[in-house]
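Before any comments, here is the structure.
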Amino acid sequence: MKIRWGVLSTARIAKNCTIPGMLKAPSCELYAIAGRNEEKVEAYKKEFGFEKGYVGYEKLLEDPLVNAVYIPLPNHLHYEWVIKALKAGKHVLCEKPLALTEDEAREMFRTAKENNVILMEAYAYLHSEYIASLVKDLRSGIIGDIRYIESAFVTQGYREDVRLYKEMGGGAAYDLGCYCTTMFLTLIDSAPKDVKAIAEFSDRGVDFQTAAIIRFENGVRASFDVGMILGDDSNARFDRLYINGTRGYIKSDVEYNQEGTLKYTICSDGRIIERSVDTTHNYALEAENLSRSILGEETPHITEEFSLKNANLLDRILKEIGYR
């Protein structure tokens with residue numbers, strides 16, 4: 001049995017990442033695409049083989065054959081359309097960050113429960129075998145107890161993009177910082193205690209560079225640097241992950257959401273180990289996980305508890321930098 005998916009928007013991430021992933025997921029059927037531009041809807045329908053194409057998001061939600069909906073809309077529209085989809089009885093996969101505040105996220109999950117459907121936040125990279133390998137190595141004690149984690153995710157500023165507008169939930173903390181915070185929450189088995197952050201803002205009111213320091217209840221410290229500062233005319237980006245432990249460290253320059261053979265370096269008691277991990281399409285793993293969860297064969301990898309913990313941490317960071 002396959003889950004019939006509807007895609008609510010002709011967004012770039014849907015075209016380049018999630019829809020190709022769904023095509024590779026055995027339990028997914030690409031059934032319907034909806035957008036506000038008829039020409040785009042028809043182009044997606046033709047390119048990816050959707051059975052139905054709708055001009056207008058409501059029409060897709062009214063289709064009784066749609067089992068689940070993927071929502072890649074701009075951040076400020078997540079709350080409205082996730083709630084509408086859940087109330088229409090659709091299971092939902094919503095792009096990160098799920099909500100602009102923890103309160104919004106809680107209301108979304110409450111609505112999912114009330115309508116007996118599943119809501120999952122889309123962090124495709126967390127489904128990767130690469131992340132599973134990192135977690136396994138850390139849990140094995142190969143570098144001892146974690147003392148400090150550092151992460152960076154820096155991209156270009158873009159010429160014109162929803163990420164550049166505050167009213168649309170733009171900015172580096174929302175778009176990039178959420179990757180770092182979810183990485184920390186995945187690797188550190190403790191709750192954030194203290195948060196300090198600073199940012200540089202654009203003339204449009206969004207943070208285009210943010211740095212944060214987080215101290216967890218178990219004493220582990222973590223810091224990140226995110227930004228949209230590498231120009232506006234290229235695909236330049238910079239990714240880094242460094243994990244310091246009592247017996248050594250793990251260092252990785254793997255970009256988020258990559259597939260193929262990914263590598264990271266382990267230093268354990270002075271011994272260097274080069275780890276190679278064969279990974280599949282993260283977005284296929286993500287779509288398959290939620291589809292199989294809907295079928296009752298798995299549980300969502302990104303849980304409500306995890307999403308709410310991350311939303312709370314993002315709230316604290318945004319409050320620190322004065323974004324609100």
Side-chain angles (χ1 to χ4, degrees), residues 1-11 13-15 17-19 21-22 25 27-36 44 50 52 54 56-127 169 174 178 182 282-311:
M1 181 177 176
K2 291 191 175 185
I3 297 300
R4 288 185 296 273
W5 280 88
V7 178
L8 207 73
S9 169
T10 54
I13 191 171
K15 180 178 182 180
C17 301
T18 309
I19 294 175
M22 288 177 168
S27 299
C28 292
E29 177 186 335
L30 284 182
Y31 172 72
I33 178 73
R36 292 177 174 172
Y44 274 56
F50 286 100
K52 298 285 186 179
Y54 294 108
Y57 303 143
E58 293 90 348
K59 293 181 180 179
L60 185 148
L61 296 182
E62 291 168 0
D63 188 331
L65 295 182
V66 173
N67 304 130
V69 174
Y70 168 60
I71 300 179
L73 292 165
N75 295 340
H76 71 300
L77 296 177
H78 288 181
Y79 176 80
E80 175 187 357
W81 288 101
V82 166
I83 293 291
K84 286 182 177 179
L86 296 171
K87 287 184 175 180
K90 314 300 184 187
H91 304 278
V92 174
L93 174 66
C94 180
E95 263 309 322
K96 58 80 192 168
L98 175 64
L100 295 182
T101 67
E102 181 188 359
D103 286 343
E104 282 189 358
R106 287 189 179 279
E107 179 64 22
M108 291 173 174
F109 282 110
R110 201 158 40 238
T111 303
K113 291 174 183 175
E114 290 170 355
N115 290 275
N116 198 31
V117 288
I118 298 172
L119 167 62
M120 187 172 82
E121 189 173 12
Y123 280 104
Y125 89 96
L126 287 176
H127 295 259
Y174 271 134
C178 63
T182 51
N282 295 342
Y283 294 90
L285 294 172
E286 176 182 73
E288 182 68 6
N289 172 239
L290 185 50
S291 293
R292 292 176 70 86
S293 296
I294 294 168
L295 294 169
E297 299 169 357
E298 294 183 10
T299 57
H301 185 65
I302 311 301
T303 65
E304 174 184 353
E305 179 185 8
F306 183 87
S307 289
L308 292 177
K309 188 185 293 187
N310 188 58

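- Here CG of L285 is found 9.5 Å from NE2 of H301. Values are rounded to the nearest 0.5 Å.
- Formation of a donor-acceptor pair under 3.5 Å by the D63 side chain with backbone atoms of L65 is found in this model.
- In this structure, the separation between CG on N67 and CD1 on I3 is 5.0 Å, given to the nearest 0.5 Å.
- Within the 3.5 Å criterion, the main-chain N or O of E298 finds no donor-acceptor partner in the side chain of R292.
- Note: Y57 and W81 have perpendicular aromatic rings, judged against thresholds of 30 and 60 degrees for the angle between ring planes.
- The two residues I302 and F306 have their closest heavy-atom pair at CG2-CD2, 4.0 Å.
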Next item on the list: Go through the steps for Y125 and E286 under the test side-chain hydrogen bond (donor to acceptor under 3.5 Å, both in side chains), then give the verdict.
Entry: CA-CA 8 Å; Y125 89 96; E286 176 182 73; over 6 Å; no

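- The side-chain heavy atoms of V7 and Y44, taken from C-beta on, include no pair separated by under 4.5 Å.
- Rounding to the nearest 0.5 Å gives a distance of 13.5 Å between NZ of K84 and OG1 of T111.
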Checklist line | Evaluation steps, side-chain contact (heavy atoms from CB on, under 4.5 Å), between E104 and H78 | finding: CA-CA 9 Å; E104 282 189 358; H78 288 181; over 6 Å; no

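- Rounded to the nearest 0.5 Å, atoms CG (D103) and CG (L308) are 10.0 Å apart.
- Across all non-hydrogen atoms, the minimal contact from L98 to C94 is CD1-CB, 3.7 Å.
- The local environment of NZ in K15 is sparse, with at most 12 non-hydrogen atoms from other residues, nucleotides or ligands closer than 6.0 Å.
- Here E107 pairs with R110 in a salt bridge; the nearest charged N to carboxylate O distance falls below 4.0 Å.
- Side-chain atoms of E95 and I71, non-hydrogen and from C-beta on, never get closer than 4.5 Å to each other.
- Counting all heavy atoms, side chain and backbone alike, L290 lies closest to M120 at CB-CE, 3.9 Å.
- Closest approach of A287 and A25 over heavy atoms only: CB-CB, 4.3 Å.
- Shortest non-hydrogen contact noted between A99 and M108 is CB-CE, 4.0 Å.
- You'll find the side chain of P72 stays beyond 4.5 Å of the side chain of T18, heavy atoms only.
- A donor-acceptor pair under 3.5 Å is formed between the side chain of K90 and the backbone N or O of V66.
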Next item on the list: Apply salt bridge (Lys or Arg N to Asp or Glu O under 4.0 Å) to the pair E102 and R106, showing each step before the final yes or no.
Entry: CA-CA 6 Å; E102 181 188 359; R106 287 189 179 279; 2.9 Å; yes

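- No hydrogens or angles considered: nothing links the side chains of T182 and Y123 as a donor-acceptor pair under 3.5 Å.
- To the nearest 0.5 Å, atoms CG (L100) and OH (Y174) are separated by 4.5 Å.
- Around CD of E114, the count of heavy atoms belonging to other residues, nucleotides or ligands within 6.0 Å exceeds 12.
- How far CG of L86 is from CG of L119: 5.5 Å, rounded to the nearest 0.5 Å.
- The minimum heavy-atom distance linking Y54 with A32 is given by the pair CE1-CB, 4.0 Å.
- Residues N282 and H127 form no side-chain contact, since every pair of their non-hydrogen atoms from C-beta on lies 4.5 Å or further apart.
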